[in-house]
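Structure record follows, encoded as structure tokens.
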Amino acid sequence: ALQANRKELEHLARHDVLTGLPNRRAFQERLELTLVRAQRSAERFALLFIDVDNFKGINDHWGHDGGDAALKIVALRLSAATRKADAVARMGGDEFVVLLENPSHREDIVNIAEKLLESVRAPILHDGNEMQVGFSIGISQYPDDGNTAAQLLSRADHAMYEIKAAGRNGFRFSSTKDVSTNPASG
């Protein structure tokens, strides 16, 4: 019983209780390991910083139970839309990150970002009602946008705020002013 309790505590220390995804701490460790490996092997990777659009409105309209339900579904959809080699984590609140290991081309990153946007296009059902959810995604790439975890996170976060300012429900690369918004968002 003691061994089981210890394992459960270790799991809780590294995973988000609501979504079951790795938490900020676990993600930071994974990002640091990926960075060290990439520096040694000259591999590339991408970091997608994702914020649920208008989450305060979801909480205000549907209550915290509705907000929690939305976050759980978002976590499931993010996990389903990414590759097994990639890492999905909840940073806190309505912020998530995806670490794309060694994408071959920029187009691969674009395809995954579009797939993530598509994953939330379908309404989320809560208490018999439909919630509409969208994402704003900021993308940084190693080594183009930084050589440290802090730089890469900061650049992706900044790009995410730029897409929010440009109209939400889309993605933007940190290294360019290219914007892609979800055409279904109206």
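Everything quoted here is computed from the prediction, not taken from an experiment. Note that these values count all heavy atoms, side chains included, but never hydrogens, waters or copies made by symmetry.
- Taking the side-chain hydrogen bond (donor to acceptor under 3.5 Å, both in side chains) definition, one finds that Gln39 meets it with nothing, sequence neighbours left out.
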- request: Decide side-chain contact (heavy atoms from CB on, under 4.5 Å) for Asn147 and Leu35; before the verdict, give the C-alpha distance in whole Å, the side-chain angles of both, and the deciding distance to 0.1 Å.
  value: CA-CA 8 Å; Asn147 293 313; Leu35 187 59; 5.9 Å; no
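- Put simply, Met160 and Ile58 are part of two different groups of oily side chains (I, L, V, M, F, W, Y) that touch within less than 4.5 Å, one to the next.
- Counting only heavy atoms from C-beta outward, the side chains of Ser175 and Arg106 approach each other to under 4.5 Å.
- The side-chain hydrogen bond (donor to acceptor under 3.5 Å, both in side chains) check on Ser136 picks up Asp53, with sequence neighbours excluded.
- For the side-chain hydrogen bond (donor to acceptor under 3.5 Å, both in side chains) test, residues two or more places apart in sequence or in another chain that qualify with Glu101 are Arg30, Thr34, Arg37.
- Once rounded to the nearest 0.5 Å, the distance linking NZ of Lys164 with CG of Asn169 reads 9.5 Å.
- Under the 4.5 Å side-chain criterion, counting only non-hydrogen atoms from C-beta, Lys56 is in contact with Asp60.
- Taken from OG in Ser140 to CD in Gln151, the straight-line distance is 10.0 Å, to the nearest 0.5 Å.
- Residues Leu116 and Phe171 fail the side-chain proximity criterion, which asks for heavy atoms closer than 4.5 Å.
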Distance-only criterion, 3.5 Å: show the donor-acceptor pairs between side-chain atoms of residues 89-96 and protein atoms not counting sequence neighbours.
| unit_1 | atom_1 | unit_2 | atom_2 | d |
| --- | --- | --- | --- | --- |
| Arg90 | NE | Gly93 | O | 2.9 |
| Arg90 | NH1 | Asp16 | OD1 | 3.0 |
| Arg90 | NH1 | Asp16 | OD2 | 3.0 |
| Arg90 | NH2 | Gly93 | O | 2.8 |

message: side-chain contact (heavy atoms from CB on, under 4.5 Å) for Leu125 and Met131? Distances and angles first, verdict last.
response: CA-CA 6 Å; Leu125 295 177; Met131 286 187 267; over 6 Å; no
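- For the salt bridge (Lys or Arg N to Asp or Glu O under 4.0 Å) condition, the pairs that include at least one residue of residues 148-160, sequence neighbours left out, are Asp145-Arg155.
- Stacking of Arg44 on the aromatic ring of Tyr142 is not recorded, the 6.0 Å distance cut-off and the 45° axial limit not both being met.
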message: For a side-chain contact (heavy atoms from CB on, under 4.5 Å) check, start with the C-alpha distance between Asn129 and Trp62, then their side-chain angles and the critical distance, and finish with the verdict.
response: CA-CA 10 Å; Asn129 297 300; Trp62 302 100; 3.2 Å; yes
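- Residues Glu32 and Ala149 approach most closely at OE2-CB, 3.2 Å, considering heavy atoms.
- Taking the charged nitrogens against the carboxylate oxygens, Lys115 and Glu118 have no contact shorter than 4.0 Å, which rules out a salt bridge.
- A donor-acceptor pair under 3.5 Å is absent between the side-chain atoms of Asp86 and the main chain of Thr82, judged by distance alone.
- Looking at Asn59, its side chain never comes within 3.5 Å of a backbone N or O of Gly66 through a donor-acceptor pair.
- By the rule that hydrophobic residues join a cluster once side-chain heavy atoms approach within less than 4.5 Å of another member, Leu152 and Ile137 end up as members of separate clusters.
- Clustering ILVMFWY residues whenever any of their side-chain heavy atoms sit less than 4.5 angstrom apart, transitively, puts Val52 in a cluster other than the one holding Val97.
- Residues Phe173 and Ile109 meet the side-chain proximity criterion, which asks for heavy atoms closer than 4.5 Å.
- If you take OG on Ser79 and NZ on Lys84, they are separated by 8.5 Å, rounding to the nearest 0.5 Å.
- If you chain together hydrophobic residues whose side chains sit under 4.5 Å apart, Phe49 and Leu47 fall into the same group.
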- request: Might you work through the side-chain contact (heavy atoms from CB on, under 4.5 Å) test for Leu31 and Leu153, ending with a clear yes or no?
  value: CA-CA 10 Å; Leu31 179 56; Leu153 279 166; 4.0 Å; yes
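- In this structure, Ala113 and Ile139 approach most closely via the heavy-atom pair CB-CD1, 4.1 Å.
- Taking CD1 from Ile50 and CD1 from Ile163, the interatomic distance works out to 13.0 Å, rounded to the nearest 0.5 Å.
- Linking Ile, Leu, Val, Met, Phe, Trp and Tyr whenever their side-chain heavy atoms come within less than 4.5 Å puts Val133 and Leu18 in one cluster.
- Taking CZ of Phe45 as the start and CG of Leu100 as the end, the distance is 10.5 Å to the nearest 0.5 Å.
- Distance check, rounded to the nearest 0.5 Å: OG of Ser174 to CD of Gln141 gives 9.0 Å.
- In this structure, Arg25 pairs ionically with Glu29, as a charged nitrogen and a carboxylate oxygen lie closer than 4.0 Å.
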Please list, one pair per line, the donor and acceptor atoms closer than 3.5 Å that link side chains of residues 67-78 to other protein atoms, with sequence neighbours excluded.
| unit_1 | atom_1 | unit_2 | atom_2 | d |
| --- | --- | --- | --- | --- |
| Arg77 | NH1 | Ser119 | O | 3.3 |
| Arg77 | NH1 | Ala122 | O | 2.7 |
| Arg77 | NH2 | Pro123 | O | 3.3 |

